[in-house]
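This report refers to the structure that appears directly beneath it.
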Amino acid sequence: MKNVIFIGPPGAGKGTQAAKLDDMFSFCHVSTGDLLRGEISKGSELGTKIKTVMDSGNLVSDELVAELLKANIDLSSKQYIFDGFPRNVSQAEIFQDEIMEENEYLAVLFDVDTDKLVERIVNRRVSSDGNHIYNLKTNPPKVAGVCDVTGLALVQRKDDTEEVVRNRMEVYLKETAPLVEYYKSKNKLKSVDADLEIEAVTKQIASFLQ
Ligand code: AP5
Ligand code: MG
């Protein structure tokens with residue numbers, strides 16, 4: 001099985017699908033957004049700097065994110081779904097040269113109608129440990145406000161306001177969308193119709209991984 005990179009705009013379903021595929025194929029899910037939120041929760045000086053950038057919807061520096069990622073993976077014994085990295089061409093080069101080296105990988109593009117994403121995101125709720133994702137409309141918890149798995153309270157991410165989401169979309173179009181051509185030209189890109197229901201998207205991605 002190859003390692004997998006998920007490329008897609010905010011709210012496209014990257015975290016949701018990574019959780020499902022981890023269970024089906026025993027991947028490890030590594031999300032740079034989650035790693036950065038973990039740094040913030042430590043309350044360190046670095047965390048405070050990261051928080052200011054993330055709360056505005058801009059990208060944290062390539063070097064910082066790459067170092068954090070390297071410190072949290074072990075490609076010699078595990079296969080990963082990389083969710084949120086690389087996020088621009090310069091990170092894609094770091095990814096190839098300093099992280100993957102000879103390891104194989106495939107990039108999966110979440111092709112989605114961006115007009116629907118603001119609504120998806122403002123209705124997102126996550127467990128307070130950040131590990132489980134819900135949606136008030138499309139994927140609600142069994143008991144309102146409570147995570148089905150952990151029993152923890154559901155909360156809203158700080159960067160999930162409409163204003164910040166719109167900036168995150170712009171950053172995606174400017175910085176991340178060029179990765180589509182980048183991976184296409186390397187013959188490493190598969191596309192999934194991420195407007196479909198959650199289970200249907202999982203099936204499409206799973207078919208690339210068999
Ligand atoms: P990150 O945490 O990666 O956020 P993102 O890329 O904006 O993506 P999201 O997590 O918002 O969306 P998702 O695609 O995971 O969707 P989800 O599955 O939750 O990054 C946050 C910030 O960290 C960045 O802005 C940046 O500052 C920083 N950062 C991270 N990586 C970085 C990097 N490499 N370099 C620099 N900075 C970096 O689903 C969304 C909602 O939709 C949920 O409610 C879900 O239930 C619902 N849903 C999912 N799928 C479907 C479906 N098929 N149909 C209907 N509803 C669905
Ligand atoms: Mg996510």
Side-chain angles (χ1 to χ4, degrees), residues 5-22 29-40 47 49-70 72 81-95 99 108-114 116-127 130-141 147-148 154-161 164-177 179 192-205:
I5 301 170
F6 278 176
I7 300 172
K14 304 179 297 294
T16 300
Q17 295 300 330
K20 291 193 159 287
L21 293 156
D22 277 4
H29 171 208
V30 61
S31 150
T32 43
D34 289 345
L35 293 178
L36 291 164
R37 283 183 282 276
E39 269 315 299
I40 294 173
K49 283 187 189 150
I50 293 172
K51 183 174 181 331
T52 309
V53 179
M54 282 179 79
D55 285 355
S56 69
N58 292 322
L59 295 186
V60 176
S61 85
D62 296 343
E63 293 71 24
L64 194 158
V65 181
E67 288 315 309
L68 192 59
L69 180 62
K70 285 182 203 168
N72 281 279
I81 292 178
F82 293 92
D83 164 5
F85 192 97
R87 222 168 174 105
N88 56 32
V89 171
S90 133
Q91 290 185 11
E93 281 163 3
I94 297 173
F95 185 74
I99 297 177
V108 174
L109 170 68
F110 284 60
D111 192 6
V112 68
D113 176 358
T114 50
K116 293 184 185 158
L117 295 182
V118 173
E119 205 200 341
R120 264 197 200 178
I121 291 188
V122 296
N123 285 299
R124 169 167 54 192
R125 298 292 181 273
V126 294
S127 52
N131 291 336
H132 301 276
I133 304 168
Y134 297 87
N135 189 284
L136 299 180
K137 298 209 168 144
T138 60
N139 184 25
C147 174
D148 296 348
L154 298 186
V155 296
Q156 200 166 13
R157 267 171 49 179
K158 190 83 199 303
D159 59 348
D160 275 357
T161 61
V164 177
V165 171
R166 292 201 185 279
N167 185 40
R168 284 159 59 200
M169 295 288 181
E170 279 180 31
V171 171
Y172 173 81
L173 290 175
K174 186 162 165 262
E175 298 280 339
T176 312
L179 289 178
V192 64
D193 180 357
D195 283 327
L196 299 175
E197 287 185 359
I198 291 172
E199 299 300 330
V201 178
T202 310
K203 270 194 195 153
Q204 273 195 21
I205 303 174

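Every number for a ligand or one of its atoms is a count from 1 in the order of the listing. Counting begins at 1 with the first residue of the sequence.
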So which protein heavy atom does [atom] come closest to, and at what separation?
atom                    : value
atom 19 (O) of ligand 1 : Arg124 NH1, 2.6 Å
atom 13 (P) of ligand 1 : Lys14 N, 3.5 Å
atom 53 (N) of ligand 1 : Leu196 O, 2.8 Å
atom 21 (C) of ligand 1 : Arg157 NH2, 3.7 Å
atom 45 (C) of ligand 1 : Thr16 OG1, 3.8 Å

With a 4.0 Å cut-off on heavy atoms, is [X] in contact with ligand 1?
X      : value
Gln17  : no
Ser31  : no
Gly8   : no
Val53  : no
Lys137 : no

Which atom of [X] lies closest to which atom of [Y], heavy atoms considered:
X     : Y      : result
Pro10 : Met169 : O-CE, 3.9 Å
Asn88 : Leu59  : ND2-CD1, 4.2 Å
Ala92 : Pro86  : N-CB, 3.4 Å

Side chain to side chain donor-acceptor pair (under 3.5 Å) assessment of Asp148 paired with His132: CA-CA 9 Å; Asp148 296 348; His132 301 276; over 6 Å; no
Distance under 4.0 Å to a non-hydrogen atom of [X]: what atoms of ligand 1 satisfy this?
X      : answer
Ala12  : 14 (O), 16 (O)
Tyr134 : 43 (C), 44 (O), 46 (O)
Thr138 : 55 (C), 56 (N), 57 (C)
Gly84  : 31 (N), 32 (C), 33 (C), 34 (N)

Which of the listed options, [options], holds the heavy atom that is closest to [atom]?
atom                    : options              : answer
atom 29 (N) of ligand 1 : Leu36, Asn58, Leu69  : Leu36
atom 35 (N) of ligand 1 : Arg120, Gln91, Arg37 : Gln91
atom 20 (O) of ligand 1 : Glu199, Met54, Arg87 : Arg87

From the list Arg157, Lys158, Lys49, salt bridge (Lys or Arg N to Asp or Glu O under 4.0 Å) partner of Asp55 resolves to Lys158
Checklist entry - In terms of ring plane angle, is the pair Phe110 and Phe6 parallel, tilted or perpendicular, where the classes change at 30° and 60°? => result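 Perpendicular, since the angle between the ring planes exceeds 60°.
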